[in-house]
Amino acid sequence: MSNYPDIYSSILEGLNDKQLEAVTAPDGPVLVLAGPGSGKTRVLTHRIAFLLSQGVSPFNILAVTFTNKAAREMRERIERLVGGAFGSYEARNITMGTFHSICSRVLRRDGGAIGISPNFVIYDDDDQIRLIKQALNEIGLDEKQYAPRSIQARISSAKSALLDPEDYSSQGVSSYFDEIAARVYRRYQQLLEINQAVDFDDLLMKVVLLWKSYPDILQQYRDRWQYVLVDEYQDTNRAQYMLINLLTQEHRNIFVVGDEDQGIYSWRAADIRNILNFERDYPEAKVILLEQNYRSYQEILDVASHIISSNRLRRPKKLWTNKSGGALVRVREAYDEQDEASYIAREISRLTSLGEYTYSDFAVMYRTNSQSRPVEEAFSRYRIPYQIIGGTRFYERREVKDVLAYLRLIHNPHDAASLRRIIENTPSGRGIGKGTMKTLEDLASRAHISLWDAIEIALGIKSLEEVGAFLPNLEIPKLQSKAKESLKQLVGLIYELREQRDILTLPHLIDTLLIKSGYASFLSSGAEEDLERLENARDLISIAQDYAAIDTSEALVEFLQEVALQSDVDTMQNNGNQVTLITLHAAKGLEYKVVFIIGFEEGLLPHARSMDRESDIEEECRLAYVGVTRAMEKLYISYAFHRNVFGATQTNVPSRFLANIPPDLLDGSLPSLGRRGPGRLTSTTSPRTPSGSTYPGGARNYSGQSYRPFPSNSNFVSSSNLERIIQEYKPGDRVRHPKFGEGVVLKVEIQGEDAEVEVRFAAGSTKKLLASMARLQKI
DNA sequence: TGACGTCGTGTTTTT
DNA sequence: CACGACGTCA
């Protein structure tokens, strides 16, 4: 290949000695200990490019990242790096993603061996809690006495430690509560199976089980993924460790990157020993330390080093940079959280008006999601656009979950969480009451069948034998004729939609579902709240547009998986000009020119719930360290004298993590003695807009637009456009679709505010497309 | 059976 | 403060 040498040198160009050593390391285990800002993403991407340049097939590479967004970005960077040098589809064929998404794919493919239906659905937090409540009820335990959330936490940590219900009751029980949890766990797991569902932890645990039980299947994956790279290795848990370990034992090409100082997920069962013991697991490992920081000014790094140095359980590391001459880190005391927020808003306004920075250069970071509120309010007043990461996510909104429930049910009718959601919530007035539900659930629970099966049996559509329940003495309950009628309608609807799935594209299927289920008319009261909900539901159609080109059955699987495994940062916008509000946890791996860390107080950072154990305090310290090291140019740390918690005012003192910082590294005194009232650092606590004009009451609207993580329905046609579309496409017209290729229009039909165009494509398939969405071109 | 009101309770971080 | 569970009323 003529341009090969160019490509080769561009892969290695500009790397420092250590990075180069990591990128070009020979086959075998490699551990890269990478301090913040030391270019670890760079090392990972260049390493993969290097492997490709050495003739390794992209099909043989697996890269595990912490977020889907990171995977996406890494793939793009590799594509840019190698271009078409090794064929144009190189980077696309690398397997990249989070542990959860990779495992989901493995289970979809091979889970059958351990009894997992290929149509499984993924249960989120909400679904899990519902299921735990159901399990509690069935066992006859009071859900008030045994908080479902605590039980869920126990189950989750058991699963992360690879303990199934039997293991847990025999090994994991050390208290009365554990014993209860063990019983619930057992029933909960049965319920998951009946619903053909898995939870987040199952995704990991079941793949370990699969690989351990079926060496031949494991061998297939070992042959496939001969090169394995893992990012953020310090945050892997036992299950993830086992996955990687099983996979890499044969070829031993394991390349992990991590930093013990940035381990912040021990509460999610991450085990820092995974990285500490790497050299023991792989004695032949090459270990490379990346200590040069390319991100932050020396002034910021100094503060970071002093903060982390109070941790005892770490090997000392010396971060250095040659970026000096920055501003000192500013520390400010605010009177309360409003004052703190106003100060930040004013500072951002000041810096942007100087023209030095734009809004997207700023991030505000905090320990708990609830701290974002006063900041949001201040930003609204000061008209600062922002996006907020986390909190209530798009996919957690009620109407979105409602629509997803229909989709999940189309995909897998045994998913009782979705079925119940549809029956109980929306649209109301289905005519299926509590009594009926109780009867059906009893039947389901006694016969060990799904709720869906129970309904079909009660309706006489199926027999007990047909669904695999052999209980000749079981009495099939009689239902009221009204309830029966309603159930028939619901079952009919789902069957009908399942048929539509084989005909329509995914966005069109959602559109149809909204209409046929009555959900659309349910939301068409015209009230503002309903309008917004409808819009959210329709945003889902726009998102599904990405899947319009593949077979809908397949599209549904991919779509539901993406939705379920979407992380907070995955929804983040990189383009818009807006300030980012984000938790310290979610900020890991990101960087901003100017960072504000708020709530640097005892009780918040370290958090009150983490103050009992020293190891917890150390984790809080690492959290502070992660935050500080996100800043490239300017860092602001603030804490509030008063803070409203729960409605009551609390008085807080500055965080202990500030205590180790020499005062001359900071701009702003550390008033460990003496407290001052409002106005110490701010001239006033009453906000003024920078322009001095009055601001509108509906402040949220202003920024509300800017942080919606998903497109508004701007690509829906207005009715005036509709005419145009109908005139544009006529039967017999030849059209081109970006993904399906050329085809002939068979039929055009008005569908509500849109038009449906039926096209037969040259490839032989016939699809019904929404005119507003399909991006059809006439030829 | 549904809608509305009161009371009680609980918030760390997330795939 | 805000949300959910529960009870009462129509």
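First the proteins, then the strands, lettered A, B, ... as listed; each starts at 1.
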Legend entry - Nucleotide B:dT13, atom C1' - distance to CG of A:Leu581 in whole Å: 16 Å
Inset, instruction - Under the salt bridge (Lys or Arg N to Asp or Glu O under 4.0 Å) rule, collect the residues that match up with A:Lys401, sequence neighbours excluded. - result: A:Asp124, A:Asp126
Inset, instruction - Measure centre to centre between the rings of A:Phe596 and A:Tyr636, then say whether the value is under 6.0 Å. - result: yes
Legend entry - Length of the NE2-P vector between A:His585 and B:dT13, whole Å: 9 Å
Inset, instruction - Go through the side-chain N and O atoms of A:Gln145 and A:Asp142 and say whether any donor and acceptor fall under 3.5 Å apart. - result: no
Inset, instruction - Tell me, please, which residues at least two apart from A:Tyr188 pass ring-ring contact (aromatic ring centres under 6.0 Å, His included). - result: none
Inset, instruction - Have a look at A:Thr67 and say if it touches a base, only the backbone sugar-phosphate, or nothing, with a 4.0 Å heavy-atom cut-off. - result: nothing
Inset, instruction - Please work out if A:Lys588 contacts a base, only the sugar-phosphate, or nothing of the nucleic acid, heavy-atom cut-off 4.0 Å. - result: nothing
Legend entry - A:Asp125 CG - B:dT15 P separation (whole Å): 11 Å
Legend entry - Pairing residues for A:Ala405 by the side-chain contact (heavy atoms from CB on, under 4.5 Å) criterion, not counting sequence neighbours: A:Ser418, A:Arg421, A:Ile422
Legend entry - Contact nearer the 5' end of DNA chain B, comparing A:Asp201 with A:Arg149: A:Arg149
Inset, instruction - Verify the stacking flag for A:Phe99 against B:dT15: centroid separation must be under 5.5 angstrom and the ring planes must differ by under 30 degrees. - result: no
Inset, instruction - Go through the structure and list residues passing salt bridge (Lys or Arg N to Asp or Glu O under 4.0 Å) with A:Glu562, not counting sequence neighbours. - result: none
Inset, instruction - Under the salt bridge (Lys or Arg N to Asp or Glu O under 4.0 Å) rule, collect the residues that match up with A:Arg75, sequence neighbours excluded. - result: none
Inset, instruction - Round to the nearest Å and state the distance from A:Ile598 atom CD1 to B:dT13 atom C1'. - result: 15 Å
Inset, instruction - Taking side-chain contact (heavy atoms from CB on, under 4.5 Å) as the test, write out the residues that go with A:Lys69, two or more places apart. - result: A:Thr67, A:Arg72, A:Glu73, A:Asp570, A:Met572, A:Asn574, A:Leu590
Inset, instruction - Give the rounded distance in Å between these two atoms: NZ of A:Lys438 and P of B:dT1. - result: 14 Å
Inset, instruction - Sequence neighbours left out, what passes side chain to side chain donor-acceptor pair (under 3.5 Å) with A:Asp231? Give chain and number order. - result: A:Lys40
Legend entry - Length of the line joining A:Ile264:CD1 and B:dT15:C1', which is rounded to integer Å: 13 Å
Inset, instruction - Provide the start and end nucleotides, 5' to 3', of the part of DNA chain C that has atoms under 4.0 Å from heavy atoms of chain A. - result: C:dC1 to C:dC6
Legend entry - Non-neighbouring partners of A:Tyr221 that pass ring-ring contact (aromatic ring centres under 6.0 Å, His included), sequence neighbours left out: A:Trp211, A:Trp225
Legend entry - Spacing of A:Asn369 atom CG relative to B:dT14 atom P, expressed in whole Å: 5 Å
Legend entry - Atom-pair distance (CG on A:Asp235; P on B:dT14), nearest Å: 13 Å
Legend entry - Residue-phosphate contact under 4.0 Å: A:Thr583 side-chain N/O, B:dT14 OP1/OP2: yes
Inset, instruction - Report the residues that fulfil side-chain contact (heavy atoms from CB on, under 4.5 Å) with A:Glu441, sequence neighbours left out, ordered by chain and then residue number. - result: A:Arg420, A:Met437, A:Leu451
Legend entry - Touch class at under 4.0 angstrom, heavy-atom based, for A:Arg622 against every strand present: nothing
Inset, instruction - Could you check which residues of residues 154-163 of chain A get a heavy atom under 4.0 Å from DNA chain B? Sort them by number, please. - result: none
Please produce a list of atom pairs where a protein N or O lies less than 3.5 Å from an N or O of nucleotides 6-9 of chain B.
none

Inset, instruction - May I ask you to decide whether A:Asp125 forms a salt bridge with A:Arg149, counting only side-chain N to carboxylate O separations under 4.0 Å? - result: yes
